[in-house]
Novice: 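I'd like to ask you about the structure that follows.
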Amino acid sequence: MNKKRKVLFFSLIIILGLFLIFDTGEVQAASKTVKYNGKTIAKYNKSGQMVLVPSKNSNTNYKNLNRLISGKKKKTVVIPKGSTIKLNGVLRPGNNTTIIAKGAKIIGKKKSNVIFAAPNKKLKNLTIIGGTWRSVDKGGRTGSLFAFSYVTNLVMDGVDCNANYKGHAIEIIACKNVTIKNCKVSAIGSNPKKCLEEQIQIDLATKKTAPKIAEYGKKYVKGQTCKNVYILNNTVSGARAVGVNWTDSENGKWRNKFHENVVVKGNTLTGTTSEALAYFNTVGGEISGNTIITNATRTDGNSSYTIGIHVAIMGVAPKSMAASTLTVSNNTVYGGRNGIHFKAHFNSSETQCLSQLGRVIVTGNTVYCKKGTEKAIAQTKESCREFILSDNQLYTWK
């Protein structure tokens, strides 16, 4: 055999061997299963993802899913498309977890969260993709359907979820690096005339704002706030659609706690009995490219709840506020008393501003206001250190 034939022969042998290795590997991966108590609870697909084997028993689904999503190792769990999964308990994921639920429906236990992230776990890297997530409660969940605290790197993408007007579909407490995008979030059930609850709530950790978190110990409810939260391209409706919160509880102890960098971009937000977007105690950020509608009609002393975009600071801001920038641009806003309003709260005698917002740029917005064009974009006294208005179109909304 000459040299050329030898090279060709050995090349064919190598190629055939590689083919057999990869082909066998795929077959082995496809045949792998995850067993629990002697039963198969998931099968690996070709991508190495664990595909849940659904059960008609809600307790079995609850236990099996929690087993699959537990632990710190990187993992992806798929809830099969077309399946309806009923749960008899709360899902509590571990670190480095991706849950893919595209085309599936997941129904939580009565009076319960569907997913809860505990503060003492301090989760990292949690992603939830797709799925229709519901509570079995008549009229929707009156607490929080999804409740996340102390999570770093959280993504919710393409999730369809709801809660009662008095509850929250998604609650974020003391989390960092959060992205909620392409989601459909709505309120159902009864809507009290003066309801203020938001469907997406960005909150700080205190006894009043997070009573479940307080059960884990005092150290978890010392006013810890959120940082780097991105609300992108969602459709949200509720008493409030989105709320970035503060609290006056415990004798105003937490008034000076501030979130950092909250971005609300490309959404359609509708408020029924309060602001569509309440954006409180936040240093820096962006509100852009949204359609924001507030249908609240209150005419009492709390007419501020009829504002479309309500930006306010309630206490003394950190020094970083002075150099911060908040951009409010290219939104279409419908409001009652105001379309877009900025307020820095003053002392009790209203003679001294407690703290100002930093540089505020309001540009390219189309604003409709029931109180007329003069009220469409406004600030209380000199609430902003620098207030830049340009290219806004103002109309009266009848």
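Atom set for the values below is all heavy atoms of this structure, side chains included, hydrogens, waters and symmetry mates excluded.
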Novice: Using side-chain heavy atoms (C-beta onward) and a distance below 4.5 Å, is Val328 in contact with Thr363?
Specialist: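 No, too far: nothing below the 4.5 Å cut-off.
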Novice: So, Thr294 side chain and Ala276 main chain: donor-acceptor pair closer than 3.5 Å or not?
Specialist: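 Yes; at least one donor-acceptor contact below 3.5 Å.
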Novice: With no hydrogens and no angle check, just 3.5 Å: does a side-chain donor-acceptor pair link Lys35 and Thr40?
Specialist: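 Their side chains do contain a donor-acceptor pair, which is all the 3.5 Å distance test asks for.
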Novice: Is it true that a side-chain atom of Asn365 and a backbone atom of Val367 form a donor plus acceptor pair closer than 3.5 Å?
Specialist: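 No, because the side chain of Asn365 does not come within donor-acceptor range (under 3.5 Å) of the backbone of Val367.
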Novice: Would you call Arg240-Glu275 a salt bridge at under 4.0 Å N-O?
Specialist: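 Between Glu275 and Arg240 there is a salt bridge, with a charged N closer than 4.0 Å to a carboxylate O.
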Novice: Quick one: closest heavy-atom pair of Cys183 and Gly158, and the distance?
Specialist: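 Residues Cys183 and Gly158, closest heavy atoms: SG-N, 3.7 Å.
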Novice: Does atom NZ (Lys124) have a neighbourhood of more than 12 heavy atoms from anything else shown, all under 6.0 Å?
Specialist: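 Atom NZ in Lys124 is not crowded, with 12 or fewer foreign heavy atoms closer than 6.0 Å.
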Novice: With a 4.5 Å heavy-atom cut-off, do Thr273 and Tyr305 have their side chains touching?
Specialist: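 When only atoms from C-beta onward are counted, Tyr305 and Thr273 do not touch, as no gap falls below 4.5 Å.
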Novice: Could you tell me whether Glu250 atom CD has more than 12 heavy atoms of other residues or ligands within 6.0 Å of it?
Specialist: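 Atom CD in Glu250 is crowded, with more than 12 foreign heavy atoms closer than 6.0 Å.
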Novice: List the atom of Ile69, the atom of Lys75, and the distance in Å for their closest heavy-atom pair.
Specialist: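 Minimum heavy-atom contact is O-CE, 3.2 Å.
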Novice: Quiz question: by atom type and distance under 3.5 Å, do the side chains of Thr380 and Ser383 form a donor-acceptor pair?
Specialist: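 Ser383 and Thr380 do not have a side-chain donor-acceptor pair below 3.5 Å.
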Novice: Would you say Asn61's side chain and Ser55's backbone share a donor-acceptor pair under 3.5 angstrom?
Specialist: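 Here the side-chain-to-backbone pair exists.
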Novice: Can you find a side-chain donor-acceptor pair between Gln224 and Tyr150 that sits under 3.5 Å?
Specialist: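 There is such a pair between these side chains.
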Novice: Which atoms form the tightest heavy-atom contact between Asn290 and Asn267, and what is the distance?
Specialist: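 Asn290 and Asn267 have their closest heavy atoms at OD1-N, 2.8 Å.
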Novice: Does this structure show an ion pair linking Asp137 with Lys111, if we count only N-O contacts that are shorter than 4.0 Å?
Specialist: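 The answer is no: the pair does not qualify as a salt bridge.
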Novice: Using a 3.5 Å distance criterion without hydrogens, assess whether the side chain of Ser288 forms a donor-acceptor pair with backbone atoms of Lys265.
Specialist: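 Flag not set: sc Ser288 to bb Lys265 has no pair under 3.5 Å.
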Novice: Evaluate the criterion side-chain hydrogen bond (donor to acceptor under 3.5 Å, both in side chains) for residue pair Glu171 and Ser144; output intermediate values, then yes/no.
Specialist: CA-CA 6 Å; Glu171 183 178 26; Ser144 296; 2.6 Å; yes
Novice: Would you find a donor on one side and an acceptor on the other, under 3.5 Å apart, between the side chain of Thr97 and the backbone of Asn95?
Specialist: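 Yes; judged by distance alone, with no hydrogens or angles, the pair exists.
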Novice: So which atom in Ser237 and which in Gln199 form the shortest heavy-atom distance, rounded to 0.1 Å?
Specialist: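 Here Ser237 and Gln199 meet closest at O-CG, 3.2 Å.
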Novice: Is there a side-chain contact between Ile99 and Ile115 in this structure, where contact means two heavy atoms from C-beta onward sitting under 4.5 Å apart?
Specialist: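 They are in contact (side-chain heavy atoms under 4.5 Å apart), so the answer is yes.
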Novice: Can you check whether Ser274 reaches Cys195 side chain to side chain, under 4.5 Å on heavy atoms?
Specialist: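 Sidechains of Cys195 and Ser274: no contact.
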Novice: Answer whether the closest heavy-atom distance between the side chains of Ile180 and Leu232 falls below 4.5 Å.
Specialist: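 No, their side chains stay 4.5 Å or more apart.
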Novice: Rounded to the nearest 0.5 Å, how far apart are CG of Leu357 and SG of Cys384?
Specialist: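 One finds 5.0 Å between CG of Leu357 and SG of Cys384.
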Novice: Taking the six-membered ring of Phe116 as reference, does the NZ or CZ atom of Lys212 fall below 6.0 Å from its centre and within a 45° cone about the axis?
Specialist: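 Geometry flag: set, cation within 6.0 Å and 45°.
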Novice: Hydrophobic clustering (ILVMFWY, side-chain heavy atoms < 4.5 Å, transitive) - are Tyr165 and Val185 grouped together?
Specialist: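 No, no single cluster joins them.
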Novice: Can you tell whether the side chains of Lys253 and Asp248 come within less than 4.0 Å, N to carboxylate O?
Specialist: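 Not counted as a salt bridge, because no side-chain N and carboxylate O are separated by less than 4.0 Å.
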Novice: Counting distance only, does the side-chain N/O of Asn281 pair as donor-acceptor with the main-chain N or O of Lys257 below 3.5 Å?
Specialist: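 Yes.
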Novice: Can you check whether Val236's main-chain N or O pairs, donor with acceptor, with Asn234's side chain at less than 3.5 Å?
Specialist: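 Not a single qualifying donor-acceptor pair exists.
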Novice: Regarding Asn261 and Tyr230, is there a side-chain donor-to-acceptor distance under 3.5 Å anywhere?
Specialist: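 Present: a donor and an acceptor within the cut-off.
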Novice: For the ring pair Phe342 and His310, is the centre-to-centre distance below 6.0 Å?
Specialist: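 For Phe342 and His310, the ring centres are not under 6.0 Å apart.
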Novice: Any sub-3.5 Å donor-acceptor pair from Asn331's side-chain atoms to Thr291's backbone N or O?
Specialist: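 Side chain of Asn331 to backbone of Thr291, a donor-acceptor pair under 3.5 Å: no, none is there.
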Novice: Determine, stepwise, if the pair Ser58 / Lys109 fulfils side-chain contact (heavy atoms from CB on, under 4.5 Å).
Specialist: CA-CA 9 Å; Ser58 61; Lys109 184 181 177 181; over 6 Å; no
Novice: With rounding to the nearest 0.5 Å, note down the distance linking CG in Asn338 to CD in Glu374.
Specialist: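 That separation rounds to 12.0 Å.
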Novice: Look at the aromatic rings of Tyr216 and Tyr220 and report parallel, tilted or perpendicular, splitting at 30° and 60°.
Specialist: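 Taking Tyr220 first and then Tyr216, their aromatic rings stand perpendicular (interplane angle over 60°).
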Novice: Using only heavy-atom distances, determine whether the side chains of Thr272 and Asn191 contain a donor-acceptor pair under 3.5 Å.
Specialist: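 Yes, because at least one side-chain N or O of Thr272 sits under 3.5 Å from a partner of the opposite role on Asn191.
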Novice: If you group Ile, Leu, Val, Met, Phe, Trp and Tyr by side-chain heavy-atom gaps below 4.5 Å, do Leu277 and Val262 land in one group?
Specialist: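 Yes, Leu277 and Val262 fall within the same hydrophobic cluster.
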Novice: Taking atom OG1 of Thr306 and atom CZ of Arg298, what is their separation to the nearest 0.5 Å?
Specialist: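 Thr306 atom OG1 to Arg298 atom CZ measures 9.5 Å (nearest 0.5 Å).
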Novice: Between Thr225 and Phe258 (side chain of the first, backbone of the second, donor and acceptor by atom type, cut-off under 3.5 Å), is there such a pair?
Specialist: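 Pair found, side chain donor or acceptor close to backbone of Phe258.
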Novice: Is the closest side-chain heavy-atom distance between Arg359 and Arg385 below 4.5 Å?
Specialist: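 They are not in contact (no side-chain heavy atoms under 4.5 Å apart), so the answer is no.
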Novice: How close do Lys181 and Val155 get, counting heavy atoms only, and between which atoms?
Specialist: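 Nearest pair, atom of Lys181 first, then Val155: CE-CG1, 4.5 Å.
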Novice: Is there a path of hydrophobic side-chain contacts, each under 4.5 Å between heavy atoms of I, L, V, M, F, W or Y residues, that connects Ile292 with Leu394?
Specialist: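 Shared cluster, yes.
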Novice: Please examine the side chains of Asn66 and Arg92, heavy atoms only from C-beta on, and report whether any two atoms are closer than 4.5 Å.
Specialist: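 Counting from C-beta outward, Arg92 and Asn66 do come under 4.5 Å.
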Novice: Walk me through whether Gln49 and Tyr44 qualify under side-chain contact (heavy atoms from CB on, under 4.5 Å).
Specialist: CA-CA 5 Å; Gln49 301 165 333; Tyr44 283 95; over 6 Å; no
Novice: For the residue pair Ile128 and Phe148, establish whether any side-chain heavy-atom pair is separated by less than 4.5 Å.
Specialist: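 The answer is yes; the side chains approach within 4.5 Å.
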Novice: Linking I/L/V/M/F/W/Y whenever their side-chain heavy atoms sit closer than 4.5 Å, directly or via other members, would Ile200 and Trp133 fall into one cluster?
Specialist: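 Yes, same cluster.
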Novice: What heavy-atom pair brings Arg67 and Ile41 nearest, and what distance separates the two atoms?
Specialist: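 What the structure gives for the nearest pair is CD-CD1, 4.2 Å.
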Novice: Would Leu68 and Val53 show up in the same hydrophobic cluster when neighbours are defined by side-chain heavy atoms closer than 4.5 Å?
Specialist: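 Not linked; separate clusters.
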Novice: Donor-acceptor pair, Thr247 side chain versus Ser249 backbone, under 3.5 Å?
Specialist: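 Confirmed, Thr247 side chain pairs with Ser249 backbone.
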